[in-house]
Amino acid sequence: MRHLINILDLSKEEIDELIDVANDIIANPEKYNEACKHKIMATLFFEPSTRTRLSFESAMLSLGGEVLGFSEAASSSAAKGESVSDTARTVSCYSDIIAMRHPKEGAPYVASLVSEVPVINAGDGGHNHPTQTLTDLLTIKREKGHFENLTVGFCGDLKFGRTVHSLISALSRYSGIKIVLISPEELKVPSYVKNGVIKANNMPYVQTTDLESVIGDLDVLYMTRVQRERFFNEEDYLRLKDSYILTPKKLENAKPDLAILHPLPRVNEISVEVDKDPRACYFKQVRNGRYIRMALILKLLKEANA
Ligand code: CP
């Protein structure tokens, strides 16, 4: 049974195929209207979500399938103490594919060990978020035309930002990528990303606390939210939450073809005035999330039924 737990579960070629299918869905949506007729997706969200859960549901409905699930642990038997493993095993009896978000790192992997149907990691704690990465890759491909030789800046909470960890892993497979890590000292990327991915793949990188000093070098700027829910104390969160606020003024020295991405939700880190800038791609990114998830559901269901 094929699952998607980590973005590296997909080969580079498979990611290219998913991007091609997503682009075909965007161009010819009617071709896919009934592709998943009589199939059921379960969305098991033990943690809040707007984009990921609803884009999965929208994706499955757009493919002619059905959806069931829950949007908080409190409305499932997890509230009575049921394990992730038993929940997944149960729900796999009612559905053809499962998307799971959980605050604990590794929970979707545990689910995949017992599930009779494909499990998709829809975000596990501060660890990984592979379908956000597919969304980010589709957006970069549509905006820049390619992945090679891009200078990609990651700004904000690089410690807890699971979307950052997954995207850096995915980009490590392309040539000529330069990584610029912009964060407060306390929110630097974890060593498993810095040593295990960036250094292990000989990716050129710089680390700084100053966004304005590097903004002119970037082809892609990936802004992130400081993640209140992962902090152990509120004081630290309040001190760090507004470390970076992207404004039109700060963009004056940026390249004219910079692509500004953000997985969203944003709190304060991109001023709403930036939304009018043609370089702001984060709402296009939201839209792309639905199409790449359609492509992923098609692929995993096809392989499960082969
Ligand atoms: N990007 C993302 O995961 O958003 P949600 O938390 O709203 O799903």
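Indexing begins at 1, ligand by ligand and atom by atom, following the structure's order.
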Do Arg101 and His129 have side-chain atoms, one donor and one acceptor, less than 3.5 Å apart? yes
Atoms in ligand 1 with a heavy atom of Leu264 nearer than 4.0 Å: 1 (N), 2 (C), 4 (O)
Numbering as shown, the atoms of ligand 1 that approach Thr50 to under 4.0 Å (heavy-atom distance): 5 (P), 7 (O), 8 (O)
For residues His165 and Tyr192, establish whether the separation of their ring centroids is below 6.0 Å. yes
Looking at ligand 1, does any of its N/O atoms fall within less than 3.5 Å of an N/O of Pro263? yes
Got an N/O contact under 3.5 Å between Ser49 and ligand 1? yes
side-chain hydrogen bond (donor to acceptor under 3.5 Å, both in side chains) evaluation trace for Ser55 with Arg293: CA-CA 7 Å; Ser55 66; Arg293 288 183 175 101; 2.8 Å; yes
If you measure from each heavy atom of Arg101 to ligand 1, is any distance below 4.0 Å? yes
Partners passing ring pair (Phe, Tyr, Trp, His ring centres under 6.0 Å) against Phe154 (at least two apart in sequence or in another chain): Tyr222
Closest protein heavy atom to atom 4 (O) of ligand 1, given as residue, atom name and distance to 0.1 Å: Arg51 NE, 3.1 Å
Are Phe56 and Leu54 in one and the same hydrophobic cluster, where Ile, Leu, Val, Met, Phe, Trp and Tyr link if side-chain heavy atoms are under 4.5 Å apart? no
